[in-house]
Amino acid sequence: MTDDPFPPPSPTPASGRPTARTAAVIPAAGRGVRLGPGAPKALRTLGGTPMLIHAIRAMADSRAVSLVVVVAPPDGAAEVKTLLDAHALPERTDFLVVPGGESRQESVKLGLDALPAGYDIVLVHDAARPLVPVDTVDGVIEAVRDGAPAVVPALPLADTVKQVEPAAGPDAPEPVVATPDRSLLRAVQTPQGFDRATLVRAHDTVKDNVTDDASMVEQLGLTVVTVPGHEEAFKVTRPLDLVLAEAVLARRRLNDGF
Ligand code: C5P
């Protein structure tokens, strides 16, 4: 981990236009109650390494990402700094750790507030998606570089989705009120990528509680676009997801010849 949040500007490409520098914000301040009792979700281990370290490496593996801002639990910044120091991370990437807030949205905002000048593209990546492949990360960055203000990796749905109304009582069944056309629905993942100024404006403007950052940009009236997501970018939420994540890691280790 280095202390210098101001690395030298990136080289100017042949086009003469400097390549926009990219930072990743990782909100990791959630308690992960759905995984059951134990350590906060981001500190649970996968293959012996904390999930958060996997997520940080997944961002730092992209050569385009030169800064990773980790948003720690409000009282856990020192613990997260110690964790970063204890694990090998790419030398060319800088790291900052800031304390998070009560909601994911607040945590992302605190991460954005800590970003130094000079980073024009921002990725927001859930610590709970530790295994996103670097090609997915690069695909998101490329689409922002190509001019999209907000980009989400997305996958088609395997399941049909029903919209329901609240049940009439505790033992009553939920009535289904609609079946949206599945071919027009997507499950979205992270990292979501943004033009920095757009994301800052979204966080300054939208005060509704939302579950992802792209929906705040939608509320500004701007177009959010998708790029292909990846099945290994799934969110580790329930105990079964941990089993799947361990299996994905084991397969990668086998393929990498470990
Ligand atoms: O709870 P959920 O799984 O939707 O959380 C998504 C991400 O937001 C997780 O990486 C979690 O650590 C983070 N989060 C946060 N601050 C909160 C709540 C969640 O950084 N107060």
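In listed order, ligands and their atoms are each counted from 1. Any value given below was found using the heavy atoms of this structure, including those in side chains, with hydrogens, waters and symmetry copies removed. Numbering of residues begins at 1 and proceeds along the displayed sequence.
Closest heavy-atom approach to atom 18 (C) of ligand 1 within the set Lys41, Lys235, Met51, Arg104: this belongs to Arg104.
Ligand 1 has no atom lying under 4.0 Å from any heavy atom of Arg129. Using a 4.0 Å cutoff on heavy atoms, Gly100 does not count as a contact of ligand 1. Ligand 1 lies less than 4.0 angstrom from a heavy atom belonging to Ser103.
When heavy-atom distances to ligand 1 are checked against a 4.0 Å cut-off, Glu106 has no atom that comes that close, whether in backbone or side chain. If you look at Ser107 next to ligand 1, the close heavy atoms, those under 4.0 Å, all belong to the side chain.
Partners of Arg251 under the salt bridge (charged side-chain N to carboxylate O under 4.0 Å, His left out) rule, at least two apart in sequence or in another chain, are Glu232. Qualifying side-chain hydrogen bond (donor to acceptor under 3.5 Å, both in side chains) partners for Asp113, counting only residues two or more places apart in sequence or in other chains: Lys109.
No donor-acceptor pair closer than 3.5 Å links the side chain of Glu165 to the backbone N or O of Pro175. The backbone N or O of Ala58 lies less than 3.5 Å from no partner atom in the side chain of His54, so there is not a single donor-acceptor pair.
At least one N or O atom of Ala127 sits closer than 3.5 Å to an N or O atom of ligand 1.
Between the side chains of Asp213 and His203, at least one donor N or O lies within less than 3.5 Å of an accepting N or O.
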